[in-house]
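Working notes, structure below.
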Amino acid sequence: MTPSRKIRIQPSRLKKVTRRDMVTRFVFGAAISVVAGLIGHYRGPVTGGVFLAFPAILAATLTLIEHEEHDRVPAAQDARGAVLGAFGMTAYAACVWTLGSRIPTWIALVAGLVVWAVVSAALYFLVWGLRRDRRGRHRR
Amino acid sequence: MGPYLGTVEREAGGGLWEAGLSQWLVLSTRGLCGGLFVMVFALIGELVTPKQFAGVFSAAPAVALAGMSLTLLFQGGPQVTESALGMIAGSVAMIAYCASAVPLVTRLGAVGGTTAALGVWIAVAAACRALITVAG
């Protein structure tokens with residue numbers, strides 16, 4: 001992987017996170033959770049479940065990225081990664097729906113989370129690995 | 001597991017005030033947990049680079065994990081399974097949202113692009129939900 005594509009964990013980046021960032025994300029998450037709960041209560045769990053996949057994190061993140069970096073490119077890059085995470089989210093939902101009636105539900109939720117992580121990561125390495133190989137071939 | 005608190009209060013003929021309080025308690029707990037889970041996943045996304053990989057955490061099932069955990073606690077497993085079926089529809093819409101957000105954000109900026117992409121989410125989610133009704 002080229003240096004710019006290497007996955008790194010950088011705890012120092014947390015210093016750049018402001019209270020406003022966290023409050024914005026908390027509010028987005030809290031609001032959609034309440035809405036999903038209300039819809040589930042009045043319209044049934046299936047309809048309420050649709051809103052469990054509402055793009056709460058991404059909407060907040062994209063606006064914060066552009067506000068802080070005054071640039072649309074990082075926001076667009078974040079959205080590209082989110083496409084892969086969304087495939088993982090679909091796998092999570094399918095896993096919980098399939099397993100929820102067969103095994104203890106809390107185990108199905110944990111399994112779903114693992115499936116989300118594995119599918120998202122696998123897609124990331126597949127997509128960005130392919131792009132790196134294609135770029136390498138063009139340079140030769 | 002336990003029944004929905006608000007429903008129990010109403011069926012038992014409990015006062016409207018108690019029913020309302022239980023419902024507010026449940027909703028407040030949902031809001032608090034949902035907000036916290038979203039914050040945690042967003043923080044993880046802030047920790048990692050490059051931005052494309054961090055974006056994966058922007059589509060984490062944070063709200064779902066919080067909501068489903070509380071649904072399991074208050075209403076039981078079957079309700080969680082049913083909500084997961086609806087979530088499949090929402091997740092397909094999420095894929096469409098993220099894919100459309102890339103060109104829309106580039107063209108319209110984050111606020112404009114996000115708002116426009118939300119229209120895509122709503123349309124796709126409604127179509128998938130209707131498909132579930134027809135198929136069910």
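Note that the structure is predicted; figures quoted are calculated from it, not measured.
Neither the backbone nor the side chain of Ser28(B) comes within contact range of chain A; no heavy atoms are under 4.5 Å apart. The part of Val17(A) that comes within reach of chain B is its side chain, from C-beta onward, which places non-hydrogen atoms under 4.5 angstrom from that chain. Residue contact with chain A, scored on non-hydrogen atoms closer than 4.5 Å, is absent for Phe37(B). Only the side chain of Tyr92(A) comes within contact range of chain B, judged by heavy atoms closer than 4.5 Å.
Here the closest heavy-atom approach between residue Ala111(A) and residue Leu99(A) is recorded as CB-CD1, 4.2 Å. Shortest non-hydrogen contact noted between Pro61(B) and Leu113(A) is CG-CD1, 4.3 Å. In this structure, Leu108(B) and Gly113(B) approach most closely via the heavy-atom pair CB-N, 3.7 Å.
A distance of 9.0 Å separates CZ of Arg129(B) from CZ of Arg43(A), quoted to the nearest 0.5 Å. Between Arg30(B) atom CZ and Leu38(A) atom CG the span is 9.0 Å, to the nearest 0.5 Å. The distance from atom CG of Leu27(B) to atom NE2 of His41(A), rounded to the nearest 0.5 Å, is 8.5 Å. The distance from atom CG of Leu72(B) to atom CD of Gln79(B), rounded to the nearest 0.5 Å, is 11.0 Å. The CZ atom of Arg20(A) lies 10.5 Å from the CZ atom of Arg25(A); values are rounded to the nearest 0.5 Å.
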As a quick check of understanding, evaluate side chain to side chain contact (heavy atoms under 4.5 Å, CB included) for Val119(A) and Leu123(A), giving each step before the final call. CA-CA 6 Å; Val119(A) 168; Leu123(A) 283 173; 4.0 Å; yes

Val26(B) vs Gln23(B), side chain to side chain contact (heavy atoms under 4.5 Å, CB included): CA-CA, chis, key distance, verdict:
CA-CA 5 Å; Val26(B) 171; Gln23(B) 207 158 18; 5.8 Å; no

Notebook entry, point to check: Would Gln52(B) and Val127(A) satisfy side chain to side chain contact (heavy atoms under 4.5 Å, CB included), going step by step from the backbone distance to the final call?
Noted result: CA-CA 11 Å; Gln52(B) 292 90 342; Val127(A) 168; over 6 Å; no

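Among residues at least two apart or in separate chains, there is no ring-ring contact (aromatic ring centres under 6.0 Å, His included) pair with a member in residues 14-40 of chain A.
Comparing Gly100(A), Gly44(A), Ala82(A), Ala36(A) by heavy-atom pairs within less than 4.5 Å of chain B, the highest count is held by Ala82(A). Most heavy-atom pairs under 4.5 Å with chain B: of the set Leu109(A), Thr98(A), Val35(A), this distinction falls to Leu109(A). Of the listed residues (Leu85(B), Ile44(B), Val48(B)), the one with the most heavy-atom contacts under 4.5 Å to chain A is Leu85(B). In terms of heavy-atom pairs under 4.5 angstrom with chain A, the leader among Ser69(B), Ala126(B), Ala60(B) is Ala60(B). When each of Val56(B), Leu43(B), Val80(B) is checked for heavy-atom pairs under 4.5 Å with chain A, Val56(B) comes out on top. For the options Ala62(B), Ala84(B), Cys128(B), Gly67(B), heavy-atom pairs under 4.5 Å to chain A are most numerous at Ala84(B). When each of Thr47(A), Val27(A), Ile32(A), Val23(A) is scored by its heavy-atom pairs under 4.5 Å with chain B, the top score falls to Thr47(A). With respect to chain A, the highest number of heavy-atom pairs below 4.5 Å among Leu70(B), Leu32(B), Leu47(B), Thr29(B) belongs to Leu47(B). For the set Phe87(A), Trp106(A), Phe54(A), Trp116(A), the entry with the most heavy-atom pairs within less than 4.5 Å of chain B is Trp116(A). Heavy-atom pairs under 4.5 Å with chain B peak, among Pro104(A), Ala53(A), Ser120(A), Gly85(A), at Ala53(A).
Clustering ILVMFWY residues whenever any of their side-chain heavy atoms sit less than 4.5 angstrom apart, transitively, puts Ile88(B) in a cluster other than the one holding Val50(A).
Under 3.5 Å, the side chains of Thr24(A) and Asp21(A) contain no donor-acceptor pair of N or O atoms.
By the side-chain contact (heavy atoms from CB on, under 4.5 Å) test, Ala31(A) is found to be paired with no residue, residues two or more places apart in sequence or in another chain being considered.
In the displayed structure, Ile9(A) atom CD1 is contacted under 6.0 Å by at most 12 heavy atoms of other residues, nucleotides or ligands.
Contacts of residues 114-123 of chain B with chain A at a heavy-atom distance below 4.5 Å involve Thr114(B), Leu118(B), Trp121(B), listed in sequence order. Applying a 4.5 Å heavy-atom cutoff, the residues of residues 89-98 of chain B that approach chain A are Ala89(B), Gly90(B), Ser91(B), Val92(B), Met94(B), Ile95(B), Tyr97(B), Cys98(B).
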